[in-house]
Amino acid sequence: MALFLMASAIAFPGASVAIAINLLFAGLLTILLPAINTSLKTPGTLGFFSGLNVVAFTLIYFLVEETKQLTLEELDLVYDNPKSMFAGYQLKYNMLYYLKSQLGGEIFYHEADVDGISLRVSARVSGGPGAVAGFFTYNNDTQESDVEILTRDGNTRLHFSNQPTADARDYQIPGATFNESLPYKPTHDWTVYRLDWLPHDNTNVWYADGKVLSSTQVSVPSVLSTVFINMWGNGDPWSGHMAVDDKARLDIQWIEMALTLR
Ligand SMILES: *[C@@H]1O[C@H](CO)[C@@H](O)[C@H](O)[C@H]1NC(C)=O
Ligand SMILES: *[C@@H]1O[C@H](CO)[C@@H](O)[C@H](O)[C@H]1NC(C)=O
């Protein structure tokens, strides 16, 4: 308990006030409950307190940020955002998300039985920072081969990765991820992005417009996978944070796949 109080006092200097108010109302509750129960009877009392829970749920949903597993430094970043921005975000994105509004788009090759592929996509990516266009194979988080274009890079860079790109201590694994530059901006012009995942040769080769940009034999996925093309963003430091009402787009001219199935 003492540790909890200390931690909350560090993270949130108003914690002592919050705890005092909490205890004050706990005291009031003890004093007032018999009177409430007499006038509202048991169902009324229970209904009254469940109503208060609904009010508390709504307030917490819109006003209390998620802090699970964040460091104290990350908490500062969380609390640097004004409450109004957080409440707006909850309303606009989280609630709409549960009502099935889309945050990104995705197409994928239905069967998860691809055993090697040359995936070529003629595409262009444009728009505000915070979106990631991805062409990739996926089985699980350690069996994944990616081409990614980040709008926050000004669309002049290409990211190629075999997941995981970092080890347990969060150090980058050499040869698992590449951040290559393009000599031109593919915002207006079509670029042919190509991922060759060759599990039987334990090799990945990545191309842009027919030119080899990277290749590796590190962390090459070895199990049957699904093929995805998507545009996503989750607001984290890597994908970048898309401002409310900003937008980005991924246009696809054509897709070619030469693949081995099993
Ligand atoms: C992913 O799949 C591989 C091969 O089946 C397995 O060895 C590995 O443990 C899986 N990793 C995760 C994170 O599930
Ligand atoms: C890729 O490299 C460029 C230039 O060094 C850098 O500005 C950019 O932040 C890098 N992107 C990522 C996702 O690491």
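- Partners of T216 by side chain to side chain donor-acceptor pair (under 3.5 Å), not counting sequence neighbours: none found.
- D141 pairs by the salt bridge (Lys or Arg N to Asp or Glu O under 4.0 Å) definition with nothing, not counting sequence neighbours.
- Note that the CD1 atom of I117 and the CH2 atom of W197 stand 8.5 Å from one another [nearest 0.5 Å].
- Counted by atom type alone, D196 and N204 present zero donor-acceptor pairs between their side chains at under 3.5 Å.
- With hydrogens and angles ignored, the 3.5 Å screen pairs no side-chain donor or acceptor of T58 with any backbone N or O of A56.
- Nearest heavy-atom pair across V220 and P199 is CG1-CA, 4.4 Å.
- Residues in residues 162-176 take part in these salt bridge (Lys or Arg N to Asp or Glu O under 4.0 Å) pairs, two or more places apart or across chains: D167-R169.
- Note on V205 and L158: separate hydrophobic clusters, where clusters join Ile, Leu, Val, Met, Phe, Trp and Tyr whose side-chain heavy atoms are under 4.5 Å apart, directly or indirectly.
- At least one donor-acceptor pair under 3.5 Å links the side chain of N139 to the backbone N or O of L224.
- Counting only heavy atoms from C-beta outward, the side chains of F228 and T137 never approach each other to under 4.5 Å.
- Between the side chain of R157 and the main chain of N179, a donor-acceptor pair closer than 3.5 Å is present.
- With sequence neighbours left out, the side-chain contact (heavy atoms from CB on, under 4.5 Å) criterion links S161 to D146, E148, Q163, T165, T177.
- T142 pairs by the side chain to side chain donor-acceptor pair (under 3.5 Å) definition with N140, not counting sequence neighbours.
- Across every non-hydrogen atom of F135 and A123, the tightest pair is CZ-CB, 3.9 Å.
- Among residues two or more places apart in sequence or in another chain, the salt bridge (Lys or Arg N to Asp or Glu O under 4.0 Å) test is passed with K211 by none.
- For L259 against L261, the heavy-atom pair with the smallest separation is CD1-CD2, 3.2 Å.
- The aromatic rings of F136 and Y138 stand perpendicular to each other, their planes meeting at an angle above 60°, with 30° marking the opposite boundary.
- Pairs of residues two or more places apart, or lying in two chains, that qualify as side chain to side chain donor-acceptor pair (under 3.5 Å) and include a residue from residues 33-49 are N37-T45.
- Between the side chain of T151 and the backbone N or O of A131 there is at least one donor-acceptor pair closer than 3.5 Å.
- Cluster annotation: I255 and Y193 are assigned to the same hydrophobic cluster (Ile/Leu/Val/Met/Phe/Trp/Tyr, side-chain heavy-atom contacts under 4.5 Å, transitive).
- Across all their heavy atoms, P129 and D246 have their closest contact at CD-OD2, 4.1 Å.
- Across V147, D153, V132, a single residue satisfies side-chain contact (heavy atoms from CB on, under 4.5 Å) together with H159, and that is D153.
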Using side chain to side chain contact (heavy atoms under 4.5 Å, CB included), reason through W254 and V192 one step at a time and then give a plain yes or no.
CA-CA 9 Å; W254 49 257; V192 178; 3.8 Å; yes

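- T260 has its side chain out of reach of V114: every pair of non-hydrogen atoms, C-beta onward, lies at least 4.5 Å apart.
- Residues A208 and L213 come closest through the heavy atom pair CB-CD1, 3.8 Å.
- Rounding to the nearest 0.5 Å gives a distance of 8.0 Å between CG of D209 and CG of L182.
- Applying the side chain to side chain donor-acceptor pair (under 3.5 Å) test to Q172 and every residue at least two apart in sequence or in another chain returns nothing.
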Let me have the donor-acceptor pairs involving side chains of residues 22-33, under 3.5 Å, with sequence neighbours excluded, atom names and distances please.
{"from": "T30", "atom 1": "OG1", "to": "A26", "atom 2": "O", "distance (Å)": "2.9"}

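- Between F86 and V78 the shortest side-chain heavy-atom distance does not fall below 4.5 Å.
- Of all heavy-atom pairs spanning S214 and E180, the tightest one is OG-OE2, 2.7 Å.
- A distance-only check finds no donor-acceptor pair linking the side chain of E144 to the backbone of P164 [under 3.5 Å].
- No side-chain donor-acceptor contact under 3.5 Å links K247 to the backbone of G127.
- Cluster annotation: I229 and L195 are assigned to the same hydrophobic cluster (Ile/Leu/Val/Met/Phe/Trp/Tyr, side-chain heavy-atom contacts under 4.5 Å, transitive).
- The pair E256-R194 does not meet the salt-bridge criterion, since no charged nitrogen lies less than 4.0 angstrom from a carboxylate oxygen.
- For D115, the salt bridge (Lys or Arg N to Asp or Glu O under 4.0 Å) partners two or more places apart in sequence, or in a different chain, are R262.
- Residues M85 and Y79 do not share a hydrophobic cluster, clusters being chains of Ile/Leu/Val/Met/Phe/Trp/Tyr side chains in contact below 4.5 Å.
- One finds the CG atom of L250 at 9.0 Å from the OG atom of S126 (value rounded to the nearest 0.5 Å).
- A distance of 10.0 Å separates CG in N162 from CD1 in I173, rounded to the nearest 0.5 Å.
- Clustering ILVMFWY residues whenever any of their side-chain heavy atoms sit less than 4.5 angstrom apart, transitively, puts V54 in a cluster other than the one holding I60.
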Between N53 and V55, does a side chain to side chain contact (heavy atoms under 4.5 Å, CB included) hold up when you go through it step by step?
CA-CA 5 Å; N53 276 333; V55 173; over 6 Å; no

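- Within the 4.5 Å cutoff, side-chain heavy atoms of E65 are placed close to those of K83.
- Counting only distance, with no hydrogens or angles, the side chain of S225 and the backbone of P221 share no donor-acceptor pair below 3.5 Å.
- Here R120 pairs with nothing under the salt bridge (Lys or Arg N to Asp or Glu O under 4.0 Å) rule; sequence neighbours left out.
- For the ring-ring contact (aromatic ring centres under 6.0 Å, His included) test, residues two or more places apart in sequence or in another chain that qualify with W206 are F160, F178.
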